[in-house]
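Notes follow the structure.
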Amino acid sequence: MTDTSNTRPAESEARAPRQSPLLRLMRYLPLVAPVLLWAVPCGVLLYAGQHWPLSVTLTGTALCALGLISMPLAMVRGHGRRQQDRAAIIGDTLLGTSWVLFTWSVLLGVLLRLALVVAGIGDGQERARIVTWAVLGVTAVLLAWGYAEARRVPRVRRLDVPLPRLGAGLDGTRVVLVTDTHYGPLDRARWSERVCETVNTMEADLVCHTGDIADGTAERRRAQAAPLGTVRATRARVYVTGNHEYYSEAQGWVDLMDELGWEPLRNRHLLLERGGDTLVVAGVDDVTAESSGLAGHRAHLAGALDGTDPGLPVLLLAHQPKFVDRAAAAGIDLQLSGHTHGGQIWPFHHLVRLDQPAVAGLSRHGARTLLYTSRGTGFWGPPFRVFAPSEITLLVLRSPQAPTSP
């Protein structure tokens, strides 16, 4: 036997694969992003030819500096070990505000200024000041509207989903999808009650929650989640974990949902039967489960389908849309997911597309598999939704074998 205990570190490091430039750059993103989010608006609004009085320039610069310092500190205190809800609210609100301000500083700072030049409106200072007031006005309107959108009970989105293998007896099966409720620092117990009341008007056969119930432990957010126990379905209420459960003692959430009368589909399935036909309803843990270190938690599609008849249609619950690659390889008929929030605050959806195959809506993957990605029922972090409205989804499953109405 060769003793390798004295192998030089340099030799083992030489064998390690080098990280790509993109991965190395991503390591510094948490440090660079806050600076960009506050420095760019500061430059566009104050130092791009406006020639404001010194008092205005100094006050505006001080506010941007305060935001730059306060935002990461508040987010660390709010979402780190201390889990201080008040700090989380401040940090999240500053994050959303800075994102909207940054976005429209860039867009209007370029496009509006160019339009003013082409139209021959004003001199350099006048155009710069018009841009500043336009950015501030658009930001204020979008934040006010986005806050109202985030806090409202979501609209119901209804669509028919044809499944070629669905038997005629299951035609018209009503599936309600609720996901990404993200109960958190802002107390939304009353909002939760109203969401559940809305679901109960939809006469669902099956109600699904595809994860990210809350930010915080089940013990801490129990009051906000408790109304989920009032949800009604004629056949079943089913739930799978999302990635945020694994930041907050996931097993506690599995146990609470079980206590509230929901069936946690942790790599298992149940059968929904009607009119002599059968639908397999399966669920898997989130793809982040295995790295969480919780014993027995992982995304295991083969385990979820174990013992099922391969000729039966399958409805799969998986929190993240990117699980659809595995679903398509297994011939799943329909996957229901959330996770993306539809981007939540425009134009963040462009970044979501770098990680997920779909941001919202119905899409096809492979020869058979359909994926429905919900924009989510709640919101994460910043209490704003801009051009990405929340939703409660009613999917009516359709069979090609059902008789058509005369």
Side-chain angles (χ1 to χ4, degrees), residues 29-75 86-152 186 341-352 375 379-390:
L29 188 61
L31 299 176
V32 175
V35 175
L36 290 176
L37 288 177
W38 290 101
V40 170
C42 184
V44 171
L45 303 182
L46 298 173
Y47 295 98
Q50 290 87 348
H51 304 296
W52 297 113
L54 182 60
S55 59
V56 173
T57 302
L58 291 178
T59 300
T61 303
L63 289 174
C64 289
L66 181 63
L68 173 59
I69 295 169
S70 300
M71 184 179 76
L73 289 178
M75 294 196 71
R86 184 173 298 180
I89 292 169
I90 293 171
D92 292 342
T93 301
L94 287 173
L95 175 61
T97 299
S98 62
W99 175 257
V100 175
L101 193 60
F102 169 84
T103 297
W104 292 94
S105 292
V106 172
L107 291 178
L108 294 179
V110 175
L111 299 179
L112 179 57
R113 191 185 294 264
L114 179 61
L116 293 173
V117 170
V118 172
I121 297 175
D123 57 18
Q125 177 176 301
E126 290 174 324
R127 290 193 289 268
R129 292 193 175 189
I130 289 173
V131 167
T132 293
W133 290 118
V135 169
L136 293 176
V138 168
T139 297
V141 169
L142 289 179
L143 289 176
W145 174 62
Y147 181 79
E149 279 289 309
R151 297 301 302 268
R152 75 188 309 278
L186 283 169
H341 300 202
Q344 187 164 320
I345 303 177
W346 186 90
F348 198 78
H349 65 286
H350 290 300
L351 297 180
V352 175
R375 290 189 297 255
F379 60 86
W380 173 84
F384 309 107
R385 275 188 170 271
V386 178
F387 305 132
S390 55

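Bear in mind that the values here come from a model prediction, so they are computed numbers and not experimental data. Values below: all heavy atoms of this structure, side chains included; hydrogens, waters and symmetry mates excluded.
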- Message: Looking at W380, is its backbone amide N or carbonyl O close enough to the side chain of Q344 to form a donor-acceptor pair, meaning the two atoms are under 3.5 Å apart?
- Response: yes
- Check: P382 and Y147 side chains under 4.5 Å, non-hydrogen atoms: no
- Message: My understanding is that only one of T103, V35, V106 makes a side chain to side chain contact (heavy atoms under 4.5 Å, CB included) with V40; could you say which?
- Response: V106
- Separation of L111 CG from L116 CG (nearest 0.5 Å): 11.0 Å
- Item | Residue pair E149 / P389: nearest heavy atoms and the distance that separates them | OE1-CB, 3.7 Å
- Can you tell me how far OG1 of T139 sits from CG of L45, rounded to the nearest 0.5 angstrom? 8.0 Å
- Task: Calculate, to the nearest 0.5 Å, the distance between atoms OG1 and CG belonging to T97 and D92 respectively.
- Result: 10.5 Å
- Query: Does H51 offer a backbone N or O that forms a donor-acceptor pair with the side chain of R129 under 3.5 Å?
  - Reply: yes
- Note on the structure: Heavy-atom closest pair (F384 atom, T93 atom, distance to 0.1 Å) is CE1-O, 3.9 Å
- So, do V386 and W99 sit near enough that their side-chain heavy atoms are less than 4.5 Å apart? no
- If you look at every heavy atom in H341 and R385, which pair is closest and at what distance? O-NH1, 3.1 Å
- Task: Mind checking the OG1-CG spacing from T61 to L46? Nearest 0.5 Å is all I need.
- Result: 5.0 Å
- Message: Could you tell me if the side chain of R151 sits less than 4.5 Å from the side chain of L186, heavy atoms only?
- Response: yes
- Message: Is it true that, when you exclude W145 itself, more than 12 heavy atoms of the residues, nucleotides or ligands shown sit nearer than 6.0 Å to its CH2?
- Response: yes
- Query: CG/L37 to CG/L68 distance, rounded to the nearest 0.5 angstrom?
  - Reply: 9.5 Å
- Task: Search all heavy atoms of G343 against all heavy atoms of V352 and return the closest pair with its distance.
- Result: CA-CG2, 4.2 Å
- Task: Please say whether more than 12 non-hydrogen atoms of neighbouring residues, nucleotides or ligands are located less than 6.0 Å from CZ in R86.
- Result: no
- Message: Between S70 and G67 (side chain of the first, backbone of the second, donor and acceptor by atom type, cut-off under 3.5 Å), is there such a pair?
- Response: no
- Would you please classify the geometry between the F387 ring and the W346 ring as parallel, tilted or perpendicular, with 30° and 60° separating the classes? perpendicular
- Spacing of Q125 atom CD and I130 atom CD1 [to the nearest 0.5 Å]: 11.0 Å
- Task: Check whether more than 12 heavy atoms from other residues, nucleotides or ligands sit under 6.0 Å from atom CZ of F348, and answer yes or no.
- Result: no
- Item | Shortest non-hydrogen contact from V135 toward S105 | CG1-OG, 3.6 Å
- Item | Shortest non-hydrogen contact between V44 and G109, atoms and distance | CG1-CA, 4.3 Å
- Item | Candidate pair L94 and W38, rule side-chain contact (heavy atoms from CB on, under 4.5 Å), full reasoning | CA-CA 10 Å; L94 287 173; W38 290 101; 4.2 Å; yes
